[in-house]
Each structure stands twice: as structure tokens, then as C-alpha cells.
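Predicted, not measured: the structure shown is a model, and the values here were computed from it.
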Amino acid sequence: AGQDVWDRCAGPSGGGYQSNPGWESREGQARGGGRGARGGGARGKHPPHLKGREIGLWYAKWGGIKRSEAERKSVRTYVTSYFDGDDPPEGPQKMGKVAEMEPDKKQKQEQEEEKEVKMKAKVEPRERDLEYLFQDLVRKPALDVELKSDFQAKAENPKYLEMLKFRETLPSYGMREVNLVQASRVVVISGETGCGKTTQVTQFILDDYIQRGAGSLCRVVCTQPRRISAISVAERVAAERAESVGEGRSCGYQIRLQSRLPRKQGSVLYCTTGIILQWLRSDPCLSSISHLVLDEVHERSLQSDVLLAVVRDLLHSREDLKVVLMSATLNAEKFSKYFDNCPMIHIPGYTYPVEEYLLEDVVEMLRFRPQHQDRRPRFPRSFLQNQWTRPEKEAQEAEYRQSWPCFARSLRDRFSDDTIEALERLDEDDKINLDLIVALIRHIVMNEDDGAILVFLPGWDNISGLNDLLMHAPDPCRVTMPLSDQVFKRPPAGVRKIVIATNIAETSITVDDVVYVIDGGKIKETHFDTQNNISTMAAEWVSLANAKQRKGRAGRVSPGKCYHLYNGLRASLLDNYQLPEIQRTPLEELCLQIKILKLGPIASFLRKTLDPPSEKAIELAITHLKDLNALDRSEELTPLGFHLARLPVEPHIGKMILFGALLACLDPVLTIAASLSFKDPFCIPLGKEKLADHRRKILSKNSKSDHLTIVNAFWGWEDAKRRGYKCEREFCWDNFLSANTLQMLHNMKGQFAEHLWAAGFVRSKDLKDSSANINSENEKLLKAVIVAGLYPKVAKIRPSLHKKRPMPVKVYTKADGKVCIHPKSVNAEETQFHYTWLIYHLKMRTSSIFLYDCTEVSPFSLLFFGGDISIQKDQEQETIAVDEWIVFQSPARIAHLVKNLKRELDVLLEEKIRQPRPVDWDDRGSSDCAVISAIIDLITTQESPSEAPWQERSWKAGQHWD
DNA sequence: GAGCACTGC
């Protein structure tokens, strides 16, 4: 008990392969099968007593690595036949348009349907979803009649009538301009949240068809930006129709890994935007959809912008498709223009009036005077501010400075001199003044009527700061913190509820009884800095759209008040909207999507979007994809690119998944992949940071790897779950893990495994299948697979020079120079490493440049799974280098051996990707197995740098990294 | 010594 899993699999020094359980059990099978006899059984394997360098020499002498083409073919035949008759069933690729069916075709249609039912009985649930998608929308007169009589029967249903009474009060109910939707191919419907457009418009369209006796020709699909809203809106609509959601009824939803599908025809489906983008792969014309409703397009998410561009093109080939865009009022016109000045319908708002105050009003009202900061800033403000600001923001700031004197003068008529001075002082400090917020909260509590207070702040540090202030303030301010039911419940009489939140409360979380909103005026935004090729996150001024949304949160139950903590001049300079996401993110994944959806040349498609990304960003993404070997020189998908595009993850993570499958360490690699593409399962509660760090460090089992820490956590969770719900809860609690996140990761892993199986990379859909996990407990190989996926995201460790007093190491990347390991990483305070290289996934510039996750990796893993190897002799030193920048000293003899072995590996992998099939681990004499096991053995048995055949090049030589 | 928000047949 308590023994390190990694210790168990590493075994005694030098005997790594012996303790690898996969090899032992498989040897017998291989011999029995006859195929293992080629080369004489043991010849596929070096003698167990050999260590790193000796293994290499042993393989160099052994000529069996080179094999004839004929031998390769024989292996291929074997594997192909293994899969015969076992191919995943594919849905029939039907394409069609909505069409009324002629009577004489009816019989044929019915036969088709019968066939369909038979097929359905055979297929698995996932394939059933697929088939659902390919359903043609062909008129079914019987269904039309049934739907119509059902609909008429609803007029007698008390539940339905009660709902109808409510629906009739919605502003959107009076706007039953379905005719306009029917008459024009594209319509923009604008209206603020609360007007009911999301729930009503889809129903109007459907009910109109049903009443006209054409219900079977109507299939409305409505996209939502968030999973939660897809489910909750579908449930709401089902309730309004006095039905339950899904299961062949008139309303359902589909989100990733979760669906309750409505009947195929005469229904409304709510789904996330990503789902439709995935649909397009199998059905580029969306032939089964009669009406596509895109909700919340004003949010300008990457996916909705892409879908808009696709749909605009699609309208050329789908003349019968009706498209409805739903937007906030502020920029509805922009969408209309994008669609050739299509008609617009406006639905008036539904919220109560909200009184707005600006900073000067608040300061005057509270007679607030900012305290002098005792602590002088370490740097002049200009330095701190301009360190990384974006050019467009700088111009705005300049305009603000220039206009300030004039603005201040204009305030003199209405505000006291003290207030104006206070405004100037508040302005000097770039940070949000929490004292002001405390004073404002106190004012509301003492002087205003009942109602919850919602405070918007940009991030965790502000939230925790304000929390501290409120906790230590004299009565009557007392706050309970973490997100719990209390946030949504109404407090008992005499208790004031105060909710402090980030912009999560703008869209994702709704607190019903809010009457007072304090808008801190800032929001954290990620950007992609194309100049320096790095993602950034910083607090920026909100946009008018954010401010409006925040204000709206105060008027849900009664008239409310909203206090914006920026002055009138700032308010006049706010952007209308945040920059669309497509201009703020790296585009690699999107480029692959464009290729697999066959949307034309990447740049020309992207230029067709509403607000195209910069040419520089496009160019960077394409270059990166070429470096990854996902795109060839003419920007076409390579075989690798094809598989990466099909996996629902970004390309680096996809590559890691493929390598995990080929190198038979599937389960742990999928855990890592799922967590990198979603989020890691750890929580760090306010005030428990140290303890949480400590627990994570224990889970890391000294692997010096955040990625393996997650694997350990996941295995621990699976184990605990097997022992029952109580154990699971306890395990999560003790280790600061989120059970919800772990469950989602579990589901995602299943999805990845299914993809791999469908593509032929693994034998079984089961990611725990033993043939896919022969090497799953080989820590060093896992690290190598992480390199294979994430390369070239490599950082170099400069060990601390103080031998006696261990100091945290310094870390450098080639492009950025010195970077920091993020404090939540298990390597953050590490002083001792075995090697001097780290591989990471997320790097972001916030207060500094941080590596958010990293794993220590060995030279061997970089040599075999990194870039091109070059061998050089410079300054009397023989060196081997990866992509000419990760340089090791090495005797030329060894270097050439490694280079040759790597070349063999590359040939093998390319063939595997070109013709996916699992490595035949049973046949130890096979060519696949020989090369791969040689490399695995080298990686596994290299114990420490002192045993390696080369040395780290001295730091001095690599100093250009500074 | 630090964690805006989302999403994927």
C-alpha cells in the first residue's frame, strides 16, 4: 500500500524491460503464432543486463532492424484481416433537400424506412446519432396529420394553457412574424435577454408548419454558445409545450457527449454551435435541417463566426434553407449587412428600468476620498503600464489623457472640487479601488431597499481581496464565499446577499434576485500577440456591451440600480464590443477544421468571415501546422493532418493521442490529453492554497510532471470510485479534486478512444484494453509521448548554482528568454531535476510569462520524439542536436546510431499514420516491434544523465537563449 | 507565488 506505481514499473536498475508486464505475457503468444520465429524469438530484444548506451550498441550490431518491403507487407496483411468484418458501421451518406414527396414514391420510401429500422437495431447509440443526422426531410403525410391533431389537442391541455398564458406576456409573443422568416432566406432578430426570442421564435416556426399540416417538413435547429443554455432552453421549451424533453418528442438537445434527441421531423433541436460544425463534416449541406437559428451571434464566439461564414456560402447551394440570426440590439445591423442587407425584426426589451451611475456620481454620493498608498510603486507607472500594452489600447489611452483636462473642467458645474480631485487620484492608480467598493456596498446596505448586490470584478485576486475587506469590516457586512446554493437562494429577511463574481455572472450564471449591480469596469481578456507569438491575458476596460449586460442583471425582478466604476470620459471611450474571438486566438485548430470541411484555401475562407483575423495570425498558424507536418507545402492536409483534424482537440494534443495509441500507453495519455484540452481536475480553494499544493505534490509522486500528476489523480479517482460513492467523495475532497471535471475527462477519454478505434489505430473501443496499454505504467515512455505531442514547446532549466542552499531553478525558452513555472505547477518550487529540459503545453503572458504545466524530460525522448537530428563537430566537440537548438555533447558514433534509429522510427510512424493499424506487440520479431522496442528500451533504461552517452552542453554554450 | 469565459458527431 502506498507504493509508488512508477517505482513498481521501473523495477530494479537496468532491468526495466523485465518489469514491463506486457512483454512477458506476450512472448509466448508470439512464439505460438509462428510469426515471432522470424529472427529467432529473442533476437527482437536486447539482453536484459544491458543499460542505456550498451543497448544502443547492441542494436547497432544487430542487423534485423532493416527489413524488406515484403516483410512489411506480410504484417500489413495480417492486421488488415484482423479487422475484416469489424469495421465501424458508417451511416449512409445521403444528401438531399427538403422536398415534398410525390405519392408514387411513397411505397419506396416506406421500404427505405423499414430498412432503416433494421439497421438501427444493429447499431450502437453513437451510430444512431449519426444516422439521425443523415435523415432526409421528406414529407410524411401521416405524421403531418398526427402532429396537427396533437397540436389541436393541446388547446385542451391545462398545463399547456397555463404556459401559454405566460408566453403571451413575453414581448416576443406579439411579434409572430413568422411570415417574414418564411418569406426571406435570412432574418436577423434583435432583442435583449429576457424578451423570450430564444424560446419563442423556434416554436413559432414549428407550430406554423404544424398548423399548415406540413409539420414533417420542419426541422428547426437552434445553436447555443454554451452547453448549459442548450439544455436549459430545451427543457424550458418542452415544458411550454407540456411535453418532456427528447425521446421522440417535439423538442430536444444535443451537446458533446450528451443528448436527448427529439423526433426527426417536426421538431426543434437545441445544440451547441460546435455540434453543428461537427455535423458539417458528414453533411456539408445540412440537408436534414429546414431552419437554422443561430442564437447569441453578437457574442462573436469563434465558432459562431465560423458558422456564419459557412452558412453564408451554404445559402448558394441550399436555396430552401431558412436562417435566423438572433443578436443583441447593439450590432444587429452588422449581421444584416453581412447577409446582403437581410430584413431585421426588433423585439423590445422586457427588463425593468435600471438607473445607472458613473464613478463621479458614486464618489460624490459617498464623499469618497482615496487613501494614500503607503507602499510606493516599485516602478514608475508608465513603465508598468506600457510594458506589454497593445498598440490600439495605447492610442485610446493617449486620447483619454488628452481629453482629461477638458472633461475635468466640465465636471465643475455639477461636482465638488473634492470629488474631482478624488477622481484624479483614482485615475492615477490602475487597479480597482476595493475601498470604494466596500464603501458603496455599505451605502447600499444602509440606505437602499432590499435586494441582492452583484459585484463584477475582473479576477480571482480582486475577488479574494474584496472578500477579505468585507470579512474584516465592521458590521453590517458579512459575506459567505464559495459558489454554493446560497448564491441562488433568497436570503432570510433582514439579510443582504452580496455576490462577488467575474464575468461568469454576465452570461453563464444568473442570480435571480439581484437589484444592485456594481460594475468594476474591468474584464480579463485573452489575446494572441502575433508579434511575439504568445497568448496573453490581462484586465482591460469593459466594452459597452459588457456594461449593458451587467446593468441588465439588476433589472430581472424589479427596477434596479447599476454603479459603473469608471468616469464619464472613460465611458465615452469604451469600445462597443470586445474584439471578436477569432481575432484574439491562435488559429491552428480552426485551420485544420477549414481543411477537413473543404471550405477552400485557408486564408481566403478566413477573409470571408465577419471580422477576419490578421494576415499575420493566419500565416503563423499555417506555418505552425506545416512544422507539425499536418499541412504540406501546398497547404493540403497530410495523412497526419487528416487524423488531427478529425480529433476534437487542438493539433498538439491530437498528436499526443495518436502516439499514445501507437506506443500502447493509451489510458494515461488520454487522461493527459483530455485534461489539457478541457481543464485540469484540481481545485485550489481560497485560503487553502498551501494545502492544495501539498496534496498535489504528493500525487505527483516525484515525477516532476504536472501531466503525470493528473494521471495519478485520475487513477486514484477511478480506484476510489470503484470502492463506492463515499470513497470517491472522500478522495476528491482530500486531494482537492473536482469530481465533475474528472467525470467529464472520463467521458472525453471514451470519445477519443472511439475516434482512434474508428480510424483503426486501436483494436478495441475500450481504452482499458490490455493491447493498448502494454506500456501504460512506463513513466519514461509516457514522458516521451508527451514530448511527441507537445514538441517544440520546450524550455531549458538552468540549475541553481548554490549547491548548499537549494534555490528554485531558472527556466528559459528559445523565443521568450526567461519564463516562470506557474505556481500551481508541481515543478514550481522544485530545486532538483534529473534533466535540464521541460516540455509544456500552455504558456501565457499575464504578470509574467508562465508555463502553466510542465514535465521534466530526458535527452533521449527529445532526440527520438522531437525534431530533426543533426550531428556536428564544433570547437573540438562532437554534438548531436534536435532542430539545431537542443544540443547535447555526444560521441559521433552514438549520435549516428541515434539518428539512424530515429529515421527508422519516423518511417514506421509515417506508415502507421498513412495506414492506421495497431502495432503488433504480439509479434516481437516483427519489424514494427523491433524498432519501437529498441527505442522504448533506450528511453526506459536511461536512468540518469551520468549514465547517458553524452553530457548536457554547458550552459555557456547555450547562452543565446537569454 | 497565482487561477476571464466558453466549446467539440
Nearest-nucleotide wise, let me know which of A:Lys824 and A:Ile523 is further upstream toward the 5' end of DNA chain B. A:Lys824

Between A:Gln593 and A:Pro685, which has a closest nucleotide on DNA chain B that is more 5'?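 This one resolves to A:Pro685.
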
Which ones in residues 223-232 of chain A lie close to DNA chain B, meaning a heavy atom under 4.0 Å from one of its atoms? A:Pro225, A:Arg226, A:Arg227

Exceeds 12 heavy-atom contacts within 6.0 angstrom, atom CZ of A:Arg646: no

Specify the separation, in whole Å, of atom [atom1] of [X] and atom [atom2] of [N].
X        : N     : atom1 : atom2 : answer
A:Glu525 : B:dC6 : CD    : P     : 15 Å
A:Leu277 : B:dT7 : CG    : C1'   : 10 Å
A:Gln578 : B:dA5 : CD    : C1'   : 9 Å
A:Arg550 : B:dC4 : CZ    : C1'   : 10 Å
A:Glu296 : B:dT7 : CD    : P     : 13 Å
A:Trp757 : B:dC9 : CH2   : P     : 17 Å
A:Leu647 : B:dC9 : CG    : P     : 11 Å
A:Ile849 : B:dG3 : CD1   : P     : 13 Å

Which of the following nucleotides, [options], is nearest to the side chain of [X]?
X        : options             : value
A:Arg256 : B:dC6, B:dC9, B:dG3 : B:dC9
A:Trp460 : B:dG8, B:dA2, B:dC4 : B:dC4
A:Phe678 : B:dG3, B:dC9, B:dT7 : B:dT7
A:His822 : B:dA2, B:dC6, B:dC4 : B:dA2
A:Trp279 : B:dC9, B:dG3, B:dG8 : B:dC9

Keeping the roles fixed (side chain from A:Thr813, backbone from A:Ala795), state whether a donor-acceptor pair exists under 3.5 Å.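 No; zero donor-acceptor contacts below 3.5 Å.
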
Is any side-chain N or O of [X] closer than 4.0 Å to OP1 or OP2 of [N]?
X        : N     : value
A:Thr273 : B:dT7 : no
A:Gln751 : B:dG8 : no
A:Thr846 : B:dG3 : yes

Testing A:Ile518, A:Leu454, A:Ile523 one by one against A:Arg550 for a side-chain contact (heavy atoms from CB on, under 4.5 Å), which residue passes? A:Ile523

[X] near the nucleic acid: base, sugar-phosphate alone, or nothing, with a heavy-atom cut-off under 4.0 Å?
X        : result
A:Thr502 : sugar-phosphate
A:Asp693 : base
A:Glu689 : base
A:Ile255 : sugar-phosphate
A:Ile684 : base

Do A:Arg584 and A:Glu525 pass the salt bridge (Lys or Arg N to Asp or Glu O under 4.0 Å) test, and can you show the C-alpha distance, the side-chain angles, and the key distance before you say yes or no? CA-CA 9 Å; A:Arg584 300 192 279 121; A:Glu525 256 182 9; 5.2 Å; no

Would the base of B:dG8 count as contacting A:Glu589 through its side chain, where contact means a donor and an acceptor less than 3.5 Å apart?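 Checked by distance alone, the answer is yes.
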
Ignoring hydrogens and angles, are the base of B:dC9 and the side chain of A:Ser282 linked by a donor-acceptor pair under 3.5 Å? yes

Restricting to pairs with a member in residues 297-307 of chain A, which pass salt bridge (charged side-chain N to carboxylate O under 4.0 Å, His left out), not counting sequence neighbours? A:Arg226-A:Glu299, A:Arg300-A:Asp305, A:Arg300-A:Asp611

Just checking, is any N or O donor in the side chain of A:Gln743 or A:Asn747 under 3.5 Å from an acceptor N or O on the other one? yes

Does the side chain of A:Met748 reach to within under 4.5 Å of the side chain of A:Val649, using non-hydrogen atoms?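 Not in contact.
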
A side-chain contact here means heavy atoms from C-beta on lying under 4.5 Å apart; do A:Leu838 and A:Phe833 qualify? yes

Tell me which donor-acceptor pairs under 3.5 Å the side chains of residues 671-680 of chain A have, and how far apart each pair is, sequence neighbours excluded?
unit_1	atom_1	unit_2	atom_2	d
A:Thr671	OG1	A:Asp667	O	3.1
A:Thr671	OG1	A:Lys749	NZ	2.8
A:Asp680	OD1	A:Phe682	N	2.8
A:Asp680	OD2	A:Lys824	NZ	3.3

